[in-house]
Amino acid sequence: MTDAAPTARAPRLAAELLDWYDRHARAMPWRTGPAARADGVRPDPYRVWLSEIMLQQTTVAAVKPYFEAFTARWPTVSDLAAAADADVMAAWAGLGYYARARNLLKCARAVAETHEGIFPDSHDALLSLPGVGPYTAAAVSAIAFDRPETVVDGNVERVMARLHDEHTPLPAAKPILTEHARALTPPERPGDYAQAVMDLGATICTPRNPACGLCPWRTDCAAWAAGTAPELPKKAPKKVKPTRHGIAYLARRVDGAWLLETRPETGLLGGMLGWPGTDWFSSDAALPDDAPPIRAEWRTLSEEARHTFTHFHLRLTLRVALVPMDRAPCRGEFIPAPEFRPADLPTLMRKAFDLARPR
DNA sequence: AAAGCGTGGAA
DNA sequence: TTTCCAAGCTT
């Protein structure tokens, strides 16, 4: 009977969590309300997919305004597929992980062209789309189509590690935690269940100071019994971030136009607008050679732009110049003042602009 | 398979 | 100020 007991409790745990979810589900722009759900109304797969892409490694609070803006401007996947690349990248500016925006467009165009604008409902078909990995494929299949797929995001990893008091550090523990999650996924209301586990992790079973007293799974939780919940999941130690240095050139033409360039498709801030500049080098090296994009009288600002990326800190020296009308740049192109919106820039480049703009 | 890839809020 | 972290995917 060593196997029967833990297996038999799965339906009860799922039912208890769904009951909790029915009472505590948070309203979100991409969710269908309880009343509509009771009538069998499924959420729009396009909105589910869009929200899931935006939510990758990104907080709900950060996503909300972007989700509203995207769905207002591009109400269907076919609308998005027809959008200009630069418009989508500009609309994504500030949200981060810009490969998501590039893949978002690729995916929208794939759905529009090869699926006639209809999102596939199977995990495997979804998985083949650009920017859709195991988590997102399961999430869209479960939430939009109510298929019994198991979602495993950071929340679920944490909840499962605690429920089973699993001390193996991530990412090695991932297969174990995935299997635990799969064993709990119910055949009924899998879409609600998927969102319920993630909501539990986001609001009760939080990384720090978990609210175990409010948890519907408390009496079944091995980490609660052992007192180890706050220290789980274990994670591999992080590496220290090095600091890099570089130079950015902010040229303003006398008519107010700014000299910008679109960065290469791949790599950091790929496909985004940015100020021309040098590569960024590790701090022990001297500042790179001066390489201005246009002949002008360049002045170095006293303040650097500081920014931290996922794996390094950056200190960017800013050089500014006011250039006459009849002079051609060797890099980038001038964007007329009426067309230039600082909000279209990724955050690093916007920080640089805020320091360099005339005041 | 390990590393690359953003950002802002919380502690 | 620094660290940690949030509904991961790609190469």
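Chain A is the first sequence line, chain B the second, and so forth, proteins listed ahead of strands; every chain is numbered from 1. Only a predicted model underlies this, so the values are computations on that prediction, with no experimental measurement involved.
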Report the distance from atom NZ of A:K238 to atom C1' of C:dT3, rounded to the nearest whole Å. 9 Å

Sugar-phosphate, base or nothing in reach of A:R26, heavy atoms under 4.0 Å: base

Take atom CG of A:L127 and atom P of C:dG8, then tell me their distance rounded to the nearest Å. 16 Å

What is the separation between atom NE2 on A:H313 and atom P on C:dT1, rounded to the nearest whole Å? 12 Å

My understanding is that a hydrophobic cluster links ILVMFWY residues whose side chain heavy atoms are under 4.5 Å apart, including indirect links. Using that, what else belongs to the cluster containing A:L322? A:V254, A:M325

Nearest-Å distance, CG (A:L232) to P (C:dC4)? 17 Å

Pair listing, ring pair (Phe, Tyr, Trp, His ring centres under 6.0 Å) test, anchored in residues 175-216 of chain A, at least two apart: A:H164-A:H180

Can you name the residues that form a side-chain contact (heavy atoms from CB on, under 4.5 Å) with A:E261, not counting sequence neighbours? A:P276, A:R331

Not counting sequence neighbours, which residues clear salt bridge (Lys or Arg N to Asp or Glu O under 4.0 Å) with A:E265? List them please. none

Which pairs with one or both residues in residues 117-131 of chain A pass salt bridge (charged side-chain N to carboxylate O under 4.0 Å, His left out), sequence neighbours excluded? A:D121-A:R147

For A:M28, answer base if it contacts any base atom (sugar-phosphate contacts may also be present), sugar-phosphate if it contacts only those atoms, and nothing otherwise; contact means non-hydrogen atoms under 4.0 Å. base

What residues form a side chain to side chain donor-acceptor pair (under 3.5 Å) with A:R31, not counting sequence neighbours? A:Q195, A:D199

Counting primed atoms plus P, OP1 and OP2 as sugar-phosphate and everything else as base, spell out the protein contacts along nucleotides 4-11 of chain B at 4.0 Å heavy-atom distance: B, S or - for each nucleotide, 5' to 3'. SBBBS---

Could you work out, with side chain to side chain donor-acceptor pair (under 3.5 Å) as the rule, every residue matching A:Y249, not counting sequence neighbours? A:D290

Between B:dG6 and C:dT11, how far apart are the P atoms? Round to whole Å, please. 14 Å

Mind checking if A:R31 touches a base, just sugar-phosphate, or nothing, with heavy atoms under 4.0 Å? base

Considering all heavy atoms, the nearest A:L269-A:P346 contact: CD2-CB, 4.1 Å

Tell me whether the side-chain N/O atoms of A:K239 come closer than 4.0 Å to OP1 or OP2 in B:dA3. yes

Of the residues in residues 131-139 of chain A, which ones touch DNA chain C at a heavy-atom distance under 4.0 Å? A:G131, A:V132, A:G133, A:P134, A:Y135, A:T136

